[in-house]
Amino acid sequence: MNRKSEEKVEARFVAYVAGLASVLGHADRISPLRDYCTGLMLPGERKSVEPMAAKTAPARTAAQHQSLLHFVGVATWSDEKVLAKVREMVLPAMERRGPIEAWIIDDTGFPKQGKHSVGVQHQYCGQLGKEANCQVAVSLSIANHSASVPVAYRLYLPKEWIKDKARRAKAGVPRDIVFKTKPEIALEQIRGACEAGLPRGVALMDAAYGVDSRLRTGMTALGVTYVVGIQPKILVWPPGTGPKRRGRPLNNTGRRDEPDLISTKRLANDLPKHAWQTIRWREGSAEWLSSRFARVRVRVAHSQFLPELLSEEWLLIEWPAGEAAPTKYWLSTLPANISFRELVDFAKLRWRIERDYLELKQEVGLGHYEGRGWRGFHHHATMCIAAYGFLISERETIPPSAPRCTTPFQTSALPEGYRPRGSPLAA
């Protein structure tokens with residue numbers, strides 16, 4: 001990058017920080033905001049407060065450390081307002097290559113030691129692929145095929161934390177925070193996106209969320225179409241059949257007495273060979289990605305609805321060549337006339353959230369916050385999303401054939417012998 005290009009990037013960054021600062025509430029927060037975002041985008045092993053202070057102000061590291069700690073852990077600026085401003089400024093860059101196509105719900109885990117960090121508990125951690133001591137946050141991202149950015153982010157607080165007044169008070173959990181399941185948090189985020197007037201996208205989520213019937217019906221009530229992963233045990237009425245009992249809800253005990261109800265797994269196994277087609281959905285780094293799929297119009301058994309009010313939706317099934325059985329199942333309320341390839345493409349577009357979390361964690365230090373409080377956890381995540389949003393905007397200014405630089409700024413020289421806490425090099 002030449003000097004002229006660097007000056008243009010710096011000018012855009014100054015304008016970006018000014019935009020964020022407009023919703024912070026106090027002018028004295030502008031400097032730590034700029035430095036915190038800069039520290040997150042500089043190269044480095046750790047993106048916690050101490051090493052960022054050393055990089056952004058090597059001549060006055062102690063004072064900078066206190067300034068950044070106060071900004072992220074104590075200052076009362078609004079995460080919601082900053083995320084809304086990030087969305088406002090980043091959206092035009094994202095839409096240069098096409099409109100928003102999807103709203104992607106997912107969660108991410110942060111392995112932790114001890115029990116004092118807010119929300120920490122022994123629970124499933126996606127980063128480790130198993131149950132472990134960790135924090136888990138739920139997010140909503142807006143996406144198209146070229147970019148995505150989180151627009152809502154909330155820590156999942158287990159029931160044990162909700163009930164423990166002493167731990168809540170010590171971690172600064174707001175009084176109005178009550179227990180909500182992850183699907184309930186997701187529906188709240190989707191409702192907020194609708195109320196904010198975000199460009200509509202098809203809601204995408206994996207089976208951990210897709211199996212929740214209240215979440216699916218809640219999205220439908222909001223007018224949000226979806227493509228959601230499900231488990232093969234979900235019961236459906238296959239084509240040409242339907243609920244027979246009229247005028248009362250379905251049986252809450254499993255609905256086994258309903259005529260023609262079968263599991264999606266059995267339906268998949270009963271499909272004729274001609275139902276399966278090889279579909280290509282996206283060009284990968286080496287070749288087109290493809291697999292075998294079948295799709296069927298079904299009605300899904302639902303204990304909360306009158307049978308005659310159940311609408312048909314798509315059941316999409318993936319059965320890769322060489323596998324002994326189908327591997328993935330989705331339900332979708334996309335229109336009946338959508339093409340097969342488009343349906344598969346939407347189901348597979350959820351990969352963007354995996355890219356989000358990979359870059360948020362590896363490039364801007366989403367999991368590096370070392371504080372224990374509710375406010376600091378969310379403030380750090382908001383700053384990471386803000387820094388990530390600026391990087392997305394910068395990438396969208398670069399032609400596809402040009403090299404892309406992840407970190408647009410040069411780091412300052414660190415004090416001699418400096419080693420951040422958490423580094424394997426630290427004594």
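Looking at every heavy atom in both residues, L91 comes nearest to P199 through CD2-CG, 3.8 Å. The two residues A203 and M219 make their nearest non-hydrogen contact at CB-SD, 3.6 Å. Nearest heavy atom pair, residue C194 against residue V224, reads SG-CG2, 3.7 Å. Between G389 and V90 the shortest heavy-atom distance is O-CG2, 3.4 Å. Across all non-hydrogen atoms, the minimal contact from R375 to A75 is CD-O, 3.3 Å. Across every non-hydrogen atom of R280 and W288, the tightest pair is NH1-CD1, 3.3 Å.
For the pair L40/H380, a side-chain contact is recorded, criterion being any heavy-atom separation below 4.5 Å from C-beta on. Side-chain contact between L343 and R295 is present, with heavy atoms from C-beta onward closer than 4.5 Å. Proximity of R167 to K115: side-chain heavy atoms (C-beta onward) are separated by under 4.5 Å at one or more points. In this structure, the side chains of Y156 and F179 come closer than 4.5 Å at one or more pairs of heavy atoms. Counting heavy atoms from C-beta on, the side chains of I162 and R168 come closer than 4.5 Å. Inter-residue side-chain proximity for Y329 and L316 is flagged as unmet; no heavy-atom pair is nearer than 4.5 Å.
The distance from the OG atom of S31 to the CD atom of Q64 is 6.5 Å, given to the nearest 0.5 Å. To the nearest 0.5 angstrom, T38 atom OG1 is 11.5 Å from M383 atom CE. Atom-to-atom distance recorded for E188:CD and E184:CD is 9.0 Å, nearest 0.5 angstrom. Rounding to the nearest 0.5 Å places CG of L391 at 9.5 Å from CG of L360.
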Does the side chain to side chain donor-acceptor pair (under 3.5 Å) test come out yes or no for D356 and Y388, once each step is laid out? CA-CA 9 Å; D356 271 350; Y388 186 56; 2.9 Å; yes

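Using a 4.0 Å cut-off between charged side-chain N and carboxylate O, R297 and E313 make no salt bridge. For K85 and E88, the salt-bridge test passes: some basic side-chain N is under 4.0 Å from an acidic carboxylate O. Under 4.0 Å is where a charged nitrogen must lie from a carboxylate oxygen, and between E370 and R46 at least one such pair does. Using a 4.0 Å cut-off between charged side-chain N and carboxylate O, D212 and K182 make no salt bridge.
Taking the centre and axis of the six-membered ring of F71, the NZ or CZ atom of R29 falls outside the cone set by 45° and 6.0 Å. R292 forms a cation-pi arrangement with W319, by the criterion of a distance under 6.0 Å to the ring centre and an angle within 45° of the ring axis.
Ring centroids of W77 and H26 are separated by 6.0 Å or more, keeping the two rings apart. Remark: aromatic rings of F13 and F390 are close, center separation under 6.0 Å.
When only modelled atom types and interatomic distance are considered, Q127 and T108 share no side-chain donor-acceptor pair under 3.5 Å. No side-chain N or O of K233 forms a donor-acceptor pair with one of T264 less than 3.5 Å apart. Side-chain atoms of Y357 and S139 include a donor-acceptor pair closer than 3.5 Å. At a cut-off of 3.5 Å, with distance as the only test, no side-chain donor of Y36 or H379 sits close to an acceptor on the other residue. Between the side chains of S146 and R97, no donor N or O sits under 3.5 Å from an acceptor N or O.
When atom types are taken as modelled, the side chain of R200 and the backbone of G223 share a donor-acceptor pair closer than 3.5 angstrom. Using a distance-only test at 3.5 Å, with no hydrogens or angles considered, a donor-acceptor pair links the side chain of H378 to the main chain of L155.
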